[in-house]
Each structure stands twice: as structure tokens, then as C-alpha cells.
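These numbers were taken from a predicted model, which means no experiment stands behind them. Chain identifiers are assigned alphabetically (A, B, ...) following the order of the sequence lines, protein sequences preceding nucleic acid strands; residue numbering begins at 1 within each chain.
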Amino acid sequence: MEEYKEILLTSDEIKTDDYLVNMGPQHPSTHGVLRLLVKLEGEKVLNVQPHIGYIHSGIEKMTESLSYIQIPHLTDRMDYLAAHMNNEAVSLCVEKGLQVEVPERAKYIRTIFDELQRLASHQLWWCAFGMDMGALTTFFYGLRDREDILDIFEETCGARLTLNYSVPGGVMFDIHPNFQRDVKAFIKKFRQKLPEYERLLTGNVIFQERTKGVGILSKEDAIAYGVTGPSARASGFSCDIRKKQPYSAYPYVKFKEILGTDGDTFTRYHLRILEMYESMNIIEQLIDNIPEGDYAVKMKGVTKLPEGEYYQRVETGRGEFGVYIISDGKKNPYRMKFRSPGFSNLFAINNIAKGWKIADLVAIMGTFDLVIPDIDR
Amino acid sequence: MAFNIYDFTPLTKSIHDSLSASLNPTATLAVEWLIVGVAYLLFVALFGLFLVYAERKVCAAFQQRLGPMRVGPWGLLQTIADFIKLLMKELITPKRADKFLYNLAPFIVIIATFMAISVIPFAPGLASFDFDIGVFFVTAVSSVSVIGVLLAGWSSNNKYSLIGAMRSGAQIVSYELSVGLALITMIIFAGTMQISGIIEGQRDLWFIFRGHVPAVIAFLVFVIAGTAETNRGPFDLAEAESELTAGFHTEYSGIKFAFFFLAEYINLFIVAAMATIVFLGGWMPLHFGQFEAFNGVMDLIPGLIWFFLKVFAVIFLMMWFKWTFPRLRVDHILNLEWKYLLPINLMNIILMTLVVLLGLHF
Amino acid sequence: MRSIIKYFGEIFGGFFSLLTGMKVTARYFFTPWKNVTQEYPENRATLKMPDRFRGEVVMPHDENNEHRCTGCGLCELACPNGSIEIITKSVISEDGKKKRAIDQHIYHLGMCTLCNLCIRACPSSAIKMDQTFEHAVWNRAELTKVLNKPGSKLMEGVKE
């Protein structure tokens, strides 16, 4: 009997341990090097602890040794799906400091690019979200349509992802002669493709079962965690910077700020689809009315911001992106801080994923549309 | 050699005769076993590789891509190249894995697959076994593979694998029931469990047409449950790559991974073949009652081709779902089985019994 | 009774929602000529990049092996990553004056982020972006390029 003593334990003596699973940094569902330490009980998620910093690139520190003209190109590398919006935020902030008025034409071009970028970002989000849910075909349909936008970018800016198109004072080049034609052709095509997205995924009974009522983020929590963008608007928190503090050509266009009420995964999903329709409306209002004139104002060789603090926020595909510059009057910023939407959104996950299954955690993460370099900067 | 594409009985008989003429009965049996074994090995390996290729091409077409195009014409040799790569890969055993069970698991899975494939008749006279309980045998041995999956998940000392294996266990145990009941519905209709008997019963018209409403319902249920049993999408919870990286075979590499991979595709074939045999008439050509001319034309196409055409049609259907739908969640899978498929199945059995008793079928 | 209707309604509703999805994928399956894949290395001959595409920085030379670079170093200053180095030399011009001229315009492609700032900064349009994009090399040293060709000199009439 003595030799069996080890295994004949009473229930008090049995030690149980948490079932901890690492999702990431190398994991197919994290879209990057995010590490989630997930505590499980069977399939149920008890706790999610995000560990960030695996792709920290020190962009905020690097900006301190660059001139204001050089900074925007670095912000391409933060939220690479909202490269133009990031560029624009920095440009707007620098312009604010210099009190430069940007030509109307540049404003219009910037806004059209904003919305094209938002469409591209949402398309990539849609296809990756479908893939998280196990519908692999969505991935290719989303990328196929995104390719058209990237081709438009490539024609005008010369780059597909890291655009560096918006510079302090305006935009880098004038639009390509074919730009308006291509954008209109794209909008026409995409207006037919977007209902297809809905037929493929939105209406699907498996998809609806998996997303409706899952992972509810309340409005109070959204505000408390600083969640912004479509994820917060799905909870009914009106936070669209394009409406609240219009910049560039947004004051001239009419569009709806789409608000949800439920705050569940399905609302967050569907809100982005509706936003794509709204983005197309905005582009259609602007594309034929681009005013003639200069596309940029001539900037001085060396740009020095007057001493002071400047803040500018824009709405990216993921939420509110803020640029905060402290200038001591030199040609480099004294300190620059980016308020990235992904960082705030990420930390709301633990609150809403608790009690749901692992598969739901993946879906919830998908609807927050995390871009990891945006979180780590 | 009396080779006849329409009926393989003379061929097998002549091989048997010529062997027993020169050898004693025991040696004859041994040689025949050897031939059959090699034939099945070759079939499983080549057909498995072909199915992998077909899946890649089909999914590419669904996704507006081209699929493999570089190795060989239209990428035909791609899967062979992949297989050679898998053979040359290092076999890794994780630390503190249960070595014996870890190495045993892929064999259990592949052996179960071989056993299930052994009763399937490909053409008249081209089947190695013909029991009186053939259908029962297939369902019985195909559920053995879940033991392999569970062992693989348990023994590889990986948390993803364990979750995947447990999911797979819950799923296969539940869906076994639906597969069984859907088959029972058709057995009631056919009146026999012997596979040759079932095929013979469809000489005039396939069961899916003869049994009309209950047969169609049983077919749909069988295809859904069969997909779930083979762990394919949208029921691929056990290897849900966005949640569990690769599920129960996360830690397997090289040839052991190839076993799991091959078994998955051969299981796909088995489910499609069972659907073909029980619902679509196996190797029987399409016949419509009294249309002699039509039936005569259909008879010109050999049974082997009929069988594979139907199998590929069912496989295509299953690939079509896989590449369209999102994955189900584990509790939804059980909901679907216990709240929808099982009650429908039970009602369907009653309906089928009524159809048979009242003679309402064609 | 209502719950039974709801039960079957759910089944049929779900089934039809699945069929709509399957119709979408089937449409693409049966229209393979709409495929979007480009077979890249095979289509090199027809592949044309847009003329603004930023592939690498080059310095155009004319038929007399003359370029427009004065060696002012503005591109070096504009570059955020230090991928441009300008080495100048002094030359004695015909009228006997000492003049600064470009010796080597060194460009590190491996460090370049293709931001286009150097081209914007250049006052004499001496450098431009080329549309090549196949930059893979076996040796990292090959990524460091000298943009002005050996023996080249400044074009007549370019203001310094």
C-alpha cells in the first residue's frame, strides 16, 4: 500500500493549476506579434492578459531626431493599414503649429485618400475576420477588391502601402490624370461587390450564431477604456472625429455617423460594412468636385515649429489617432506622442472576452481590428 | 487474362485460377492477400495525393486563384513534391511526450482508414470483402480513428493539441449517431446491410430517387454528419487553425503528419463513397425505369467510371461547403447534432418506415 | 405549435442562408476566366509598373554621360535614414576658378524607405525614382550603389 500513497490523494490534496495557453506571439489568429496569455477552463476563457512590445520600433523616440518634413514617412510604418491617415494627422498637426493654410485642392485629395484608405483597411479587416471565423474564401475576395484601391494608390503616390503622400503643406504629388476615372470605376465595381460580402458572410446562419450577442461591450465600458472607432460606435458611443472635429474636406461632405446599439461582435462587424457604404458616399461627393489650384503650399527649407504644444486627431479605420507634439522651437520636436487607437482598444478585450469560448475570443479580437505595430509603435 | 472493363469478376477469377493452378491453397491465399494489400496501399497513397491536389485546385477556383501551377503541367506533380518533402523532414518528438502513444496515434488513424476502405466496391467484382453487415462494419471501424486523434492530442504534451483532441472526441462521438441513423434509414429501405445487396437494389433507380423525401433528407443529414466525422470544415474544430494552430496534430511532423493528412483525405473519400453506395447507387449506371434507349446508353459507361464520377460529385459538394462557410463553435456543433440532426433523423426513420410499409416509394 | 413552426423556420432559414453563400462561391468557381492571379515571373514582359512607382533612386545620364547633380547635398540632408552620402571634390573650371563638384553620389538601397523626400529636395532634378522592383541580391554590398557613372560630369547649364 505504501508505494501507492503518492497516487491515492484525497480531493484536498489534488493540486490544480490554471490552464494557460499562449495565443501568440506566433499564432495564426493574432495578425502579428501580439501575445495573449489566456487562462482557460476547458473551452471557457477566464482571463486574457495581453503582452505587447514584441514589435516595438521606437518610432516616437526616432521622431525626436527627425525634421517635421521627415516625420510623416515613419508613421506609415505604425498603422500600416491607415498610412495615409497617420501621415495626414502629422501633417495637420505641423500645419497647425506653422499656421499654414492648405490649398483646397489638397484638402479634397486628402479626404478622398482618407476614405479610400478606410475602405482598403476595412476590406482587409473583413477578409481577415472571415478567416478568423474559418471562412477562408473571404480572405481572397477581400484582398482582390483591396488590390484595386492599392493600384489607385500606386498610380498616384507611387507606393501601395507606405504612401507618404500627405506632407506638411499639402500632398506630395498632384493626382494622376487617370485618378478620377479609376476611382469612379472602382466605386462602381465595389458597389456590386459589397453586397456579395454580405451574402457570403453576414447572412450566413453559422456566422450569425457565432457573432450575435457574443462579446458585448457596453457604452460605459467603451468610454472607460477609451475605445474609439467602429468598435466604440457599435456600443452607441458617438466618437467619430470626422463629425466631432472635422478636418480637411470633411466639413463639406454629408455623411452619417453610423451608430450601433448592441455592442456585440455582430454589430461591430456590420457597422464596418455599413461604414464602407458611407465611405463610398463621401468619395462620390468629392471626386467630381476637386477644385483646381495648387496641391501644396511651398514650405520653407527648414521647418521650425514655434515653441508650444500641439495636438491633432484624425479618425483612422480603427479609431481615434492623435498626434501630440511638444516643440521647443527647434527643427526637431522635443517630444512626440502618438495616441494610437489599437492600444486602447486592445485592453478592452479582457473585459468582454471573459466567460466566452476560445473561438469567441478570436472573433472578438477580429472585430477590434488590431494592427500590432500600431499598438507597439 | 479475361479483362473486361464492365465487370471485374472474370479478371479476379482468372488470377485466382492461375495462382491456385501453380501454388497450394495457403500460398495462393498469401499471394492474393499480398496483391490486394499492395493494391490498397497504392490506391490510398495515390488517390490521397490526388485528392489533396484536387482540393487545392478546387479551393483555388472558389477563391479566384489558379492554385498550384509550377510543378509539372498545371501543377499536377505538386503534391508528389510535397509528399517527398514530408518524407525527408525530421521527425520531432516533443519533450515529455508519451513516446509510445505519440508514435502509435498516426498508425491507429491510418489503420482505421484502411479497414474502412476495404469493404468499398469500386466496380462490379472489384471489392475485397462483401459481408452481410458491410455498412455496419464501415461505421464501426471509421469511428476507431477517433481513438488515434484523442491519443495524438493527449500524448503530444501540447495544450492546443489536447483541446483539439477533446473537441474532436465530443464531435465524432455525437456525429457517429447521425451517420448511423441516416444509414439505418436507408437500410430500412434497402432491407439489407450487405453492400452488394444495397447496390443491387438500385439497379432500376437509385435510392435517393426511389426513396424521395426521406431519402433526400437522409442524404443531406449523412453528408453533414459525414463532413463532421471527417473533421473537415466547417466542422474542423479539432484543427481550427485560427484558434488552436493545428489542433491535435500540432506537434507532428514529417511522415507522421503525412499519415494524419492522408487519413483525412481518405476519410473524405470513404464518406463520399458510402454516400455514393447507399444513396446514389454505387457503381450502378443511371437507369430510369422503362426508358430502354436511355438505359442502354448509360450502360455503355463502365461501372468504375460511374462510381468515381459520383464520388467526385459528393467530394465536390463537401469541398464547396468547406470553402464557403465559417467554422462552427464547439457548443453550436453539439447543438446542431442534438437539437436538429438527431430529431430530424428520428422523424425521418419513422417517415421512411411508413414509406416502406405503405409502399409509397418508386 | 408556434415553437414547432419556429423550429422548422430556423432550419429552413438557416439552410437558405447557407445556400446564398454557396451561390456566391459557385459563381466564381464556374467563371474561372475571371481569376485574378497574376503569374509573376512569367508575365515579366507584360508587367508594367505605374510611372510614379517608387522602386529605387537613380540618376539619369544623357548620351554624353552627363548628369544634373551639382553635389549640393540637399538630398543627403532630406533623407531621414541616412541612405544617401555625397562625396564632393573640387575641380578647376576653364576660367581657373575652383569649383565644387560631385565625386560620388552613394546610395544605400538597403537603408532606403523610398519616401521620395530626396527627390522633392533636389533643386536641379538630378535624381528620380526608377520603376524597377527586383532588388534581391546575393551580397549585401551590392545594395550600396554609386549613382553617378564613372567619368560623368555635370550637364551644361544646370544652375548651381
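Here the straight-line distance linking atom CZ of Arg329(B) with atom CD of Glu43(A) works out to 9.5 Å at 0.5 Å rounding. A distance of 13.5 Å separates CZ of Phe325(B) from CG of Leu136(A), quoted to the nearest 0.5 Å. The distance from atom CG of Asp331(B) to atom NZ of Lys44(A), rounded to the nearest 0.5 Å, is 12.0 Å. Between atom CD of residue Gln64(B) and atom CZ of residue Arg144(A) there is a gap of 4.5 Å, rounded to the nearest 0.5 Å. Atoms OH and CD, on Tyr141(A) and Gln63(B) in that order, are 7.0 Å from each other to the nearest 0.5 Å. Summarising the geometry, atom CG belonging to Asn22(A) is positioned 7.5 Å from atom NZ belonging to Lys159(B); distances are rounded to the nearest 0.5 Å.
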Set out, in order, the CA-CA distance, both residues' side-chain angles and the distance that settles side-chain contact (heavy atoms from CB on, under 4.5 Å) for Ile358(A) and Val330(B), then state yes or no.
CA-CA 10 Å; Ile358(A) 315 174; Val330(B) 65; over 6 Å; no
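Closest approach of Phe140(A) to Arg65(B), counting heavy atoms only: CE2-CD, 3.3 Å.
Evaluation of the side chain to side chain donor-acceptor pair (under 3.5 Å) rule for Asn158(B) yields Glu251(B) as partners, not counting sequence neighbours.
Within residues 196-206 of chain A, the residues that have a heavy atom under 4.5 Å from a heavy atom of chain B are Leu200(A), Leu201(A), Asn204(A), Ile206(A), listed by number.
Both the backbone and the side chain of Arg210(A) come within contact range of chain B, each with at least one heavy atom under 4.5 Å from a heavy atom of that chain. For Val38(A), no part sits under 4.5 Å from any heavy atom of chain B, backbone or side chain. Residue contact with chain B, scored on non-hydrogen atoms closer than 4.5 Å, involves the backbone and the side chain of Phe207(A) alike. Looking at Leu361(A), neither its backbone nor its side chain comes within 4.5 Å of chain B, counting heavy atoms on both sides.
Environment of NZ in Lys184(A): crowded, with over 12 heavy atoms of neighbouring residues, nucleotides or ligands closer than 6.0 Å.
For the set Asp360(A), Leu20(A), Thr138(A), Thr137(A), the count of heavy-atom pairs under 4.5 angstrom toward chain B peaks at Thr137(A).
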